[in-house]
Every structure is written in C-alpha cells, then in structure tokens.
2 protein chains.
Amino acid sequence: MDTKVSKRGGYHHGDLRQAMIDAAEAVLAEKGVGGFTLRECARRAGVSPAAPAHHFGNLVGLLTAIATLGFDDLSQEMETAVAKAQASGGDRLAAICEAYLAVALARPGRFRVAFGRLGLKNNDEELRRAAIRAFGILVRETKLALGHEIDSDVLTRLPSSYAGDLDLAEILFVWSVTHGFSTMLIDGQLAPLEMQPGGRGRLIALYSGRLMEMLLAAVRASASLTLANPASHG
Amino acid sequence: MDTKVSKRGGYHHGDLRQAMIDAAEAVLAEKGVGGFTLRECARRAGVSPAAPAHHFGNLVGLLTAIATLGFDDLSQEMETAVAKAQASGGDRLAAICEAYLAVALARPGRFRVAFGRLGLKNNDEELRRAAIRAFGILVRETKLALGHEIDSDVLTRLPSSYAGDLDLAEILFVWSVTHGFSTMLIDGQLAPLEMQPGGRGRLIALYSGRLMEMLLAAVRASASLTLANPASHG
DNA sequence: CATCAAACTTGACGCCGTCAAGATAACGCA
DNA sequence: TGCGTTATCTTGACGGCGTCAAGTTTGATG
C-alpha cells in the first residue's frame with residue numbers, strides 16, 4: 001500500500017501522483033474527510049504544497065482521483081462478492097448489497113469523497129467510467145434477480161439510458177436501501193443504536209439478515225407484479 | 001424569514017443569534033454547504049468575524065443550531081403530511097417518507113448539515129431533542145403500519161432504547177429507503193437520470209409511486225411474517 | 001448615576017488553496 | 001557525448017479562513 005518512495009534522491013520525486021494518492025488515503029483514514037488537506041498530503045509525500053498542482057490541477061483533482069479509486073474498489077468488491085455467492089449458493093443481489101456496506105465501512109472517508117459530492121470533476125473520464133461500471137453491476141444484479149434479460153454492455157452503458165427502463169424502480173429501490181443504510185451508519189445516524197450491547201455488529205447482522213430478506217422479498221414481489229400487470233409501470 | 005434587524009443602532013446588534021442563523025440559511029441556500037463560511041455569515045449579519053463566538057462558541061456551534069432547525073422542520077413537515085394523509089385517506093407511512101424527501105429537496109444545504117456529520121456538537125441538548133423527535137415519528141408510523149402498539153413516549157424515547165425492538169428491522173428499512181433516495185438525489189448521484197425528459201419530477205413521481213408501493217408491500221409482508229413466525233426475529 | 005457584565009471590534013496568529021517565477025533534473029535528439 | 005527542451009518541483013507571496021486575546025462600547029442593575 002505504501003509505494004515506499006521508489007527513489008527519492010532529490011528534486012524530483014519519481015511518482016508523486018501515486019504518493020499523493022497514498023498520502024490522501026492515509027489522511028482520510030486517520031482524520032476523515034473533515035481533516036483532509038492538500039498541504040497535509042503534500043507534507044506526507046515529502047513535497048512542497050504547490051507540487052501536486054502539476055499532477056492533479058488542484059484539490060478537486062486529487063479528490064476526483066480518490067473517488068475514482070473508491071468506485072473501482074466498490075466494483076471489484078461487488079464482483080468478488082457475486083462470485084462467492086454464486087459458488088456458495090447464496091443470493092447474488094444480497095451479496096453486492098453487503099459488499100457495498102462493507103466497502104463503506106472499510107474506508108468511510110473515501111466512500112464519502114466518492115458519494116458526498118464535496119465537489120468533484122464530474123466530467124473526468126476515469127471517474128465517469130468507474131462510476132458507470134459500479135452502477136452497471138447494480139443494474140445487472142437487480143435485473144438478474146427480477147429474472148429479466150441484461151444487455152451485454154451493462155457495465156459501460158450510460159446511466160441516463162435507464163431513465164425509461166421498466167426496472168428502474170427496482171434498481172433505485174435496491175440502491176436506496178443499500179446506500180441509505182451505509183451512509184447512515186458511517187455518518188453516525190445510527191450511533192445511539194450502536195451503543196447498546198452487540199454494537200455495530202448487531203446492526204450489520206440485522207442488515208445482512210432481516211433487511212436483506214425484506215429487500216429480496218420486495219424485489220421478487222415486484223417481479224411477479226410486473227408479470228401479472230406490466231401496464232401499471234412507467 | 002428575514003428578521004429585518006430589529007434595531008441595529010450601533011455597537012450592539014439586538015438579536016445577532018437569529019440574524020446569524022438567517023444568514024447561514026441564506027448562504028447554505030445560495031452556495032451550498034461547500035461555500036459555507038462563518039466569516040461570510042458574519043459579514044451578512046453586518047458584524048465582525050469574532051462576534052458570533054459569544055453566541056455559538058464556534059463554527060460547530062452555528063452548524064449545530066442549523067441542524068437543530070433542520071430536524072425540527074423535518075418533524076413538523078412529517079406531522080403535517082401525516083395529518084393530511086389521515087384526512088384524505090392516503091397512507092401515513094408513505095406520507096412521511098414523501099415529506100422527508102420534500103424537506104431534503106427544499107433545503108438540501110441544511111439537510112446535509114443535519115445529516116452529514118461535518119462535525120456537530122453531538123451532546124447539544126436541543127439537537128438531541130430535535131433528532132429524537134424526528135426519529136420518534138418514523139418509529140411511530142412504522143409501528144402503526146405494522147399494526148403494532150406504540151408507547152406514549154415515542155417522541156422522547158432515546159433511540160438506543162430501540163436496539164432490541166422487534167420492529168427495528170422494519171424501522172431501519174423504511175428509513176434506509178427514504179434517506180438513501182433523498183441523499184442520492186440531492187448529492188447528484190441520480191443526476192444522469194435527471195437529464196432525461198421529465199427530469200427530476202419523473203424521479204420523484206417514481207419515488208412517490210412505485211417505490212412507495214414496494215416499501216409498503218415490504219413492510220406489510222414483514223408484518224404478516226411476524227405474525228406467522230415471530231421466533232425467527234432478533 | 002456608578003458599576004458591571006454582556007456584546008461587539010480590533011488585530012493578530014497559523015492554517016489553508018492557489019498562483020507566478022525561478023530552480024532543477026530528466027529526456028530527446030544532434 | 002553534449003545541449004536544449006520540457007516536465008517537475010521549490011520558493012515566496014496573496015487573500016481568505018477560524019479562532020483567540022485584549023480593548024471598546026453598550027445596556028442593565030443597583
């Protein structure tokens with residue numbers, strides 16, 4: 001994780017871009033998104049405050065890189081979870097929802113940067129690609145759970161192309177539950193509930209258990225409803 | 001909304017506390033939580049940067065006051081929505097969920113301050129009371145939808161006291177859907193979907209329509225499940 | 001009217017992000 | 001090999017930020 005400074009002989013760093021990203025992740029992990037500072041990251045990378053400008057443009061550029069990393073990590077963890085569920089006979093949709101929460105809990109600072117919209121370069125190509133892929137996985141698994149066909153380009157299709165999709169409600173429903181629970185947990189909304197015996201683990205168990213049951217039941221019910229009366233949608 | 005400066009004769013302001021809150025709300029509305037600054041608020045209130053310290057302690061104190069206002073507003077809007085639903089025969093639970101979203105959309109900056117945990121005085125008595133009341137309404141309506149009894153002190157009970165509650169899963173489920181959709185919308189996660197014809201209104205309609213149907217169905221299903229096999233919970 | 005506490009200002013401190021100008025090092029090409 | 005070009009990094013400065021200590025003004029209280 002550290003990149004260890006390949007060869008920091010003198011004036012030139014070697015790989016400042018990666019060093020800054022590593023430093024940023026460390027700062028986010030230690031102080032959270034509140035105590036995040038460009039100068040602090042530069043300090044940790046052993047470089048002057050103005051150095052990162054050439055690599056990231058400005059603070060927003062660095063945050064955008066972090067967010068991209070966050071989306072890619074999310075995609076990877078969800079895919080891994082899907083594979084594991086497939087092998088063990090578990091539910092794929094529940095697996096990605098649990099992976100989503102796990103990613104948020106593992107790196108809440110990065111998660112907030114990715115989803116908090118502190119101000120990111122929204123036209124950044126890498127960020128867009130990473131976000132689309134993560135969204136695509138969600139779409140794919142939801143449609144799969146509904147027993148519907150999925151296009152071969154799910155992981156690259158623009159989210160806007162789902163505006164009129166028949167399954168949009170289910171997709172948003174699944175995403176809302178997952179994202180809502182994740183953000184409430186890392187933002188401390190559920191802190192009072194975590195103080196009780198069992199703490200956070202108890203809440204996570206509830207999420208992976210009853211909440212997932214409810215979620216899957218809702219999606220399945222919606223699927224049969226769709227079959228019974230497809231006209232009531234849109 | 002303006003408080004109009006009661007009598008700003010000279011050195012003393014008159015009601016700086018309220019003036020600061022008004023200014024803060026205005027700044028949040030104009031520039032969002034990103035461009036929010038204590039100095040800017042003080043400037044608008046026509047006062048030196050150090051003046052607010054005596055009323056709020058520091059920036060966190062001001063944000064805490066804003067958050068308290070946000071929670072109180074949320075409670076009020078939810079109660080109003082409940083009353084309206086009761087009168088019109090609509091669903092009460094769906095009503096508070098829609099009110100929740102409406103509040104977030106009406107004042108996204110304030111909503112983010114209340115729920116974003118930028119750093120609030122979590123031990124503040126007023127904040128705690130306001131948050132507990134809002135949570136209590138959610139608990140009450142969820143239990144009502146489940147057909148369960150509600151205690152007379154729902155609006156003042158500590159959230160931690162629900163840690164072992166049989167309905168906690170349903171409560172968290174409802175809250176997760178609502179909070180998740182609301183935050184995703186105001187944080188721009190659904191921006192690509194808003195660009196299509198119909199825009200944001202179409203998404204909101206979907207939320208009030210199909211998503212609420214799914215939510216209510218999930219809660220009702222969970223209720224009958226509870227009756228059929230109460231031992232499978234906890 | 002004298003006193004005193006609360007409310008507000010002033011000035012300063014260290015931090016922040018960013019920019020312009022200069023120093024340095026790596027790289028391509030003769 | 002040597003030289004120029006270009007990317008990289010430093011330095012120094014700017015304005016803005018939150019906050020603190022010290023001083024000033026005001027309204028209230030006796």
Side-chain angles (χ1 to χ4, degrees), chain A residues 3 5-24 26-28 30-67 109 113 116-121, chain B residues 3 5-24 26-28 30-67 109 113 116-121:
Chain A
T3 323
V5 178
S6 34
K7 36 178 173 178
R8 184 77 226 266
Y11 214 96
H12 282 28
H13 183 283
D15 192 5
L16 180 54
R17 182 182 167 86
Q18 188 56 48
M20 280 295 294
I21 290 181
D22 290 346
V27 172
L28 281 174
E30 288 177 31
K31 318 192 176 183
V33 63
F36 184 84
T37 284
L38 187 75
R39 279 181 123 103
E40 168 75 9
C41 296
R43 227 173 284 135
R44 298 204 185 196
V47 111
S48 88
H54 201 282
H55 295 272
F56 300 98
N58 53 17
L59 175 60
V60 172
L62 175 55
L63 290 177
T64 301
I66 301 293
V113 168
R117 287 289 180 274
L118 306 169
L120 265 45
K121 280 178 56 186
Chain B
T3 323
V5 178
S6 33
K7 35 177 174 179
R8 182 76 223 265
Y11 213 94
H12 283 30
H13 183 283
D15 191 5
L16 180 55
R17 182 182 167 87
Q18 189 58 46
M20 280 295 295
I21 291 180
D22 290 345
V27 172
L28 280 175
E30 288 177 31
K31 318 192 176 182
V33 62
F36 183 84
T37 283
L38 187 75
R39 277 183 125 103
E40 168 74 10
C41 297
R43 225 172 285 135
R44 298 204 184 197
V47 110
S48 87
H54 203 282
H55 295 273
F56 300 98
N58 52 17
L59 176 60
V60 172
L62 175 55
L63 290 176
T64 301
I66 300 293
V113 168
R117 288 288 180 277
L118 307 169
L120 265 45
K121 280 177 57 185

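Each chain gets a letter, A, B and so on, in the order the sequences are listed, and its residues count up from 1. Here the structure is a predicted model, which is why all the values come from computation and not from measurement.
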- What does nucleotides 24-30 of chain D look like as a protein-contact string, B for base, S for sugar-phosphate only, - for none, at under 4.0 angstrom between heavy atoms? BBB----
- Message: Regarding Arg17(B), tell me which of base, sugar-phosphate or nothing describes its non-hydrogen contacts under 4.0 Å with the strands shown.
- Response: nothing
- How would you label the contact of Ser48(B) with the nucleic acid (heavy atoms, under 4.0 Å): base, sugar-phosphate, or nothing? base
- Message: Before you tell me yes or no, could you show the steps for Phe56(B) and Ile21(B) under side chain to side chain contact (heavy atoms under 4.5 Å, CB included), namely the whole-Å CA-CA distance, both residues' side-chain angles and the distance that decides it to 0.1 Å?
- Response: CA-CA 10 Å; Phe56(B) 300 98; Ile21(B) 291 180; 4.0 Å; yes
- Note on the structure: In this structure, OG of Ser48(B) is separated from CZ of Arg39(B) (nearest 0.5 Å) by 9.0 Å
- Task: Establish, with yes or no, whether the OP1 or OP2 oxygen of dC17(D) is under 4.0 angstrom from a side-chain nitrogen or oxygen of Arg43(B).
- Result: yes
- Message: As an exercise, state the distance from CD of Gln18(B) to NE2 of His55(B), rounded to the nearest 0.5 Å.
- Response: 11.5 Å
- Using a heavy-atom distance cut-off of less than 4.0 Å, which residues of residues 52-60 of chain A contact DNA chain D? His54(A), His55(A)
- Rounding to 0.5 Å, atoms CG (Leu62(A)) and CZ (Phe36(A)) come to a distance of 4.5 Å
- Query: Say you draw a straight line from SG of Cys41(B) to CG of Leu28(B); how long is it, rounded to the nearest 0.5 Å?
  - Reply: 7.0 Å
- Whole-Å distance, Gln18(B) CD to dA7(C) P, equals 15 Å
- Whole-Å gap separating P (dG18(D)) and CD (Glu40(B)): 10 Å
- Note on the structure: Ranking dT19(D), dC8(C), dC9(D) by distance to the side chain of Val47(B), first place goes to dC8(C)
- Are any of Arg39(B)'s side-chain N or O atoms less than 4.0 Å away from OP1 or OP2 of dC16(C)? no
- Note on the structure: Separation between CG (Asp22(A)) and CZ (Arg44(A)), nearest 0.5 Å, reads 11.5 Å
- Taken to the nearest whole Å, CE/Met20(B) to P/dC8(C) is 11 Å
- Task: Please report, rounded to the nearest Å, how far the C1' atom of dT24(C) is from the CG atom of Leu16(A).
- Result: 15 Å
- Task: Select one nucleotide: of dA21(D), dC16(C), dC8(C), the one nearest the side-chain heavy atoms of Thr37(A).
- Result: dC16(C)
- Message: Could you work out how much the helix from dC1(C)-dG30(D) to dA30(C)-dT1(D) bends, comparing the axis of its first five pairs with that of its last five, to 10°?
- Response: 0°
- Item | Separation of dG17(C) P from Leu62(A) CG (nearest whole Å) | 10 Å
- Short question: side chain of His13(B), backbone of Asp15(B) - any donor-acceptor pair under 3.5 Å? yes
